[in-house]
There are 2 protein chains.
Amino acid sequence: LVKVKLAFKIWLESDEGYVFGEGPFNVLQKISELGTLRRSTEDLGMSYRYAWGLIKEIEHNLGVPLLKTHKGGVRGGGGSVLTDEAQELLKKYQLAEKTFLEISHSLNAELASS
Amino acid sequence: LVKVKLAFKIWLESDEGYVFGEGPFNVLQKISELGTLRRSTEDLGMSYRYAWGLIKEIEHNLGVPLLKTHKGGVRGGGGSVLTDEAQELLKKYQLAEKTFLEISHSLNAELASS
């Protein structure tokens, strides 16, 4: 009996190819919590410039904006809000990840016992 | 509505890390059909040396042999048979891939309609 477990990686694709995976997902989710890209990247220990580039690339590939950015605001610090399209992508990714995690847990239980 | 579909990649891991994914799976499956590593790599358009290295690396990582190799035989060409452990790994990978494919199909149907 060889002790192995299943590992996986998921991502979303459009007809044109790769849209986004775990990295962009984490950034978008953090922005939806914290309301700014700057603080989100700090919180994730990620380069602001890199995250900004990622988001611009996805927006370009999809042809839709992911962030609504506003300057100023309550504390004068500006901020970002996810567009409806970005929220929809987040929800789809989350559903897929949750489902795959559940399946991999039950498969791993099965693999361990077989 | 953003048109996206789910894509995924799976692999097997032991406690020490990566064991094997799609490439080695295809090689082992082909060997189980054709009975020789040489013909399997030709059939897959893969370098013999590379495939051999892959298999040796997996055997090393797992601490179990994957192939029983015999010289000569009926047509004098030698050949390789999968060990029980290799057959078990193949079966586990196949089960995981089949399950993930089914789930991704039904998730994609769900994502397209939501």
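What you are looking at is a predicted structure, and each value in this text was computed from that prediction instead of being measured. Residue numbering restarts at 1 for every chain, and letters A, B, ... go by the order of the sequence lines.
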Worksheet entry | Minimum side-chain heavy-atom gap A/Glu42-A/Leu34 below 4.5 Å | no

Worksheet item: With only heavy atoms counted, which part of B/Leu89 is less than 4.5 Å from chain A, the side chain, the backbone, both or neither?
Response: side chain

Discussion item. What I'd like to find out is whether the side chain of B/Ile58 reaches to under 4.5 Å of the side chain of B/Leu66, using heavy atoms alone.
Written reply: yes

Discussion item. Between A/Glu88 and A/Lys92, does any NZ, NE, NH1 or NH2 come within less than 4.0 Å of an OD or OE carboxylate oxygen?
Written reply: yes

Worksheet, complete the sentence: When the 4.5 angstrom heavy-atom criterion is applied to B/Val4 and chain A, the contacting part is both

Response to the item:
Counting heavy-atom pairs under 4.5 Å with chain B, the top scorer among A/Asp84, A/Thr99, A/Asp15 is A/Thr99

Fill in: chain B contact via A/Leu62 - side chain, backbone, both or neither, heavy atoms under 4.5 Å
side chain

Practice prompt. Run the salt-bridge test on A/Lys56 and A/Glu59 with the 4.0 Å N-O cut-off and return the result as yes or no.
Written response: yes

Discussion item. What I want to find out is whether A/Lys98 reaches A/Glu102 closely enough, with some N-O distance under 4.0 Å, to be called a salt bridge.
Written reply: yes

Worksheet entry | Under 4.5 Å from any heavy atom of chain B - which part of A/Leu6 | both

